[in-house]
Amino acid sequence: SSPDRLARRLKFSDTHKVRCWDLSCTKLTALPESFGSLQVVDFLSLSENALSSLPDSFGGVKAGGHLYLQFNQLSQLPESFGRLRVGGDLVLRANRLSSLPESFEWLEIGGVVDLAMNMELHHN
């Protein structure tokens, strides 16, 4: 499966650090649980894929710059999402989100949070 191939290719250790990572338009449908150990110095883009959910570990991702998740099929975010640390913008535009986890209020974001073009959002 797609997340298994991704995990094998990266061989995630306790912490995997990359400078920039553009996984846009790669037809990803899921991410491995180990994705939460990722540290990105500049930006991470998972835009324009077919992601319908994120692993519970996703809140462990640390992005020094921007994090792009727009134009996927995300219908919910894991409760761990509030642990995210993003130095720049967090873009969740054009997904299928209708609510946000309670932890969303604890996000540490250095830039703008873009939730446009989702269903009518309600905070859980």
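- A chain of hydrophobic side-chain contacts below 4.5 Å, direct or via other Ile, Leu, Val, Met, Phe, Trp or Tyr residues, connects Leu92 to Phe35.
- Across all their heavy atoms, Ser45 and Ser24 have their closest contact at OG-OG, 2.6 Å.
- Counting heavy atoms from C-beta on, the side chains of Leu107 and Val86 never come closer than 4.5 Å.
- In the hydrophobic clustering of this structure, Leu69 groups with Leu115; members are Ile, Leu, Val, Met, Phe, Trp, Tyr whose side-chain heavy atoms approach within less than 4.5 Å, directly or through other members.
- There is a path of hydrophobic side-chain contacts, each under 4.5 Å, that joins Val61 to Leu97.
- Side chain of Glu79 to backbone of Pro101: no donor-acceptor contact under 3.5 angstrom is found.
- The distance from the NE2 atom of His66 to the CG atom of Asp42 is 9.0 Å, given to the nearest 0.5 Å.
- Scanning all heavy atoms of the two residues, the minimum distance from Ser57 to Pro32 falls at OG-O, 4.5 Å.
- With hydrogens and angles ignored, the 3.5 Å screen pairs a side-chain donor or acceptor of Asn72 with a backbone N or O of Asn49.
- The shortest side-chain heavy-atom distance between Leu54 and Leu74 falls under the 4.5 Å cut-off.
- Checked against side chain to side chain donor-acceptor pair (under 3.5 Å), Asn95 has no partners two or more places apart in sequence or in another chain.
- Shown here for Ser80 and Pro55, the closest heavy-atom pair between the two residues is OG-O, 4.5 Å.
- Inspection of the Ser52 and Gln73 side chains reveals no N or O donor paired with an N or O acceptor under 3.5 Å.
- A donor-acceptor pair under 3.5 Å is absent between the side-chain atoms of Asp114 and the main chain of Asp89, judged by distance alone.
- For the pair Tyr68 and Asp22, the minimum side-chain heavy-atom distance is 4.5 Å or more.
- Val18 and Phe43 fall into different hydrophobic clusters, where Ile, Leu, Val, Met, Phe, Trp and Tyr side chains are chained together by heavy-atom contacts under 4.5 Å.
- Note on Val40 and Val91: separate hydrophobic clusters, where clusters join Ile, Leu, Val, Met, Phe, Trp and Tyr whose side-chain heavy atoms are under 4.5 Å apart, directly or indirectly.
- Closest heavy-atom contact between Val113 and Phe104: CG1-CZ, 3.9 Å.
- The other residues sharing a hydrophobic cluster with Phe71 are Met117, where clustering joins ILVMFWY side chains under 4.5 Å apart.
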Apply side-chain hydrogen bond (donor to acceptor under 3.5 Å, both in side chains) to residues Gln70 and Ser47 and explain how you reach the verdict. CA-CA 5 Å; Gln70 72 265 30; Ser47 301; 2.9 Å; yes
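- Expressed to the nearest 0.5 Å, how far CZ of Arg85 lies from CD1 of Ile109 amounts to 9.0 Å.
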